[in-house]
Amino acid sequence: MRKFLALLLLTTVLSLPVFAGETMLPNRLSSAEVGEWVLYRLPGGFTQRHIVVERTGNGEDANITIKVDDILDGKVTQTHEVTEIAGKPMAPMPQLKDPGTTAVVREETIKVNDQSFKCTAVDIKKGNDVLRTWYVSPDFPVYGLVKRVEVKGSEPSFEAIEFKK
């Protein structure tokens, strides 16, 4: 279960959407710095910490290495590293390939540790139903991902609860 939740969050973070060249969520990695981190709350009492541990190069060509710690009951249960190219376009969301599925982009402000972040909120909709909402800010550390909600109005599938920038 822990491996599944870790893979779910990592896959989610790595698959932030690009919308057919029309609207692109901010790619925060080009300004990520060594030492910044985010702690996310996941379902089932799990947390996950993303820490930028290495940066090689500058700007869009930089390689950013992120250490991911899976945490349960305050103890690290699993650790792995992912290296990203800072300027690499974000992967498209598979839900947008389904007929009748659209993305609605809006702005929303979210607080983490009493600090407000202006976020791009992207609702993935099928008909009138919201399937998933992403909240991304270019001012938030690591990937810029503040939270994700699977079904509008439900508890977040993950959300940032602490960070250091």
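In this chain, residues are counted from 1 in sequence order.
- Contact of the I71 side chain with the T77 side chain is not registered, since no non-hydrogen atoms from C-beta on lie closer than 4.5 Å.
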Could you go step by step and tell me if V53 and E81 meet the side chain to side chain contact (heavy atoms under 4.5 Å, CB included) rule? CA-CA 9 Å; V53 294; E81 290 186 355; 4.0 Å; yes

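- In the hydrophobic cluster analysis, where Ile, Leu, Val, Met, Phe, Trp and Tyr join through side-chain heavy atoms closer than 4.5 angstrom, V52 is grouped apart from W37.
- Side chains of N63 and E84 form no contact here, defined as non-hydrogen atoms less than 4.5 Å apart.
- Between the CZ atom in R148 and the CG atom in L42 there is a gap of 9.5 Å [rounded to 0.5 Å].
- By the 4.5 Å heavy-atom criterion applied to side chains, V76 and R49 are counted as neighbours.
- Listed for the K165 side chain is a donor-acceptor partner under 3.5 Å among the backbone atoms of D139.
- Residues T120 and E107 have side chains in contact (heavy-atom distance under 4.5 Å, counting atoms from C-beta outward).
- When all heavy atoms of Y40 and L145 are compared, the closest pair comes out as OH-O, 2.7 Å.
- Taking each heavy atom of A160 and V112 in turn, the nearest pair found is O-CG1, 3.9 Å.
- Aromatic ring pairs are classed by plane angle as parallel below 30°, tilted from 30° to 60° and perpendicular above 60°; the pair F163 and F117 is perpendicular.
- Summarising the geometry of I85 relative to E60, their closest heavy-atom pair is CG2-O, 3.7 Å, with the distance given to 0.1 Å.
- In plain terms, the two heavy atoms of C119 and V146 that are nearest each other are SG-CG2, 3.8 Å.
- For N58, the CG atom counts as loosely surrounded, since its 6.0 Å shell holds 12 or fewer non-hydrogen atoms of other residues, nucleotides or ligands.
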Apply the test side chain to side chain donor-acceptor pair (under 3.5 Å) to residues S116 and T109: give CA-CA distance (whole Å), side-chain angles for both, the deciding distance (0.1 Å), then the verdict. CA-CA 6 Å; S116 295; T109 300; over 6 Å; no

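- L39 and F46 fall into different hydrophobic clusters, where Ile, Leu, Val, Met, Phe, Trp and Tyr are joined by side-chain heavy atoms under 4.5 Å apart, directly or via other members.
- Side-chain contact, R41 with T47: no donor N or O sits under 3.5 Å from an acceptor N or O.
- Atom OG1 of T102 sits about 8.0 Å away from atom CD1 of I124, to the nearest 0.5 Å.
- Neither I51 nor I66 shares a network with the other; the hydrophobic side chains, linked directly or stepwise wherever heavy atoms of I, L, V, M, F, W or Y lie under 4.5 Å apart, form separate groups for each.
- S137 places a side-chain N or O within 3.5 Å of a backbone atom of K118 that can act as its donor or acceptor partner.
- By the 4.5 Å heavy-atom criterion applied to side chains, Y135 and E108 are counted as neighbours.
- With contacts defined as side-chain heavy-atom distances shorter than 4.5 Å, the pair I64/E33 does not qualify.
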Side chain to side chain contact (heavy atoms under 4.5 Å, CB included) between K147 and I110, worked out: CA-CA 9 Å; K147 76 175 178 178; I110 297 179; 3.9 Å; yes

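- Both V142 and V82 are part of a single hydrophobic cluster, where members link through side-chain heavy atoms under 4.5 Å apart.
- Looking at every heavy atom in both residues, D123 comes nearest to T133 through OD1-OG1, 2.7 Å.
- A donor-acceptor pair is defined here as one N or O able to donate and one able to accept, closer than 3.5 Å; such a pair exists between the side chain of R55 and the backbone of A32.
- A heavy-atom distance below 4.5 Å is not found between the side chains of E36 and K164.
- Contact annotation: the side chain of R28 never approaches that of Y143 to less than 4.5 Å [non-hydrogen atoms, C-beta and beyond].
- Residues A86 and S30 share a closest heavy-atom pair of CB-CA, 3.5 Å.
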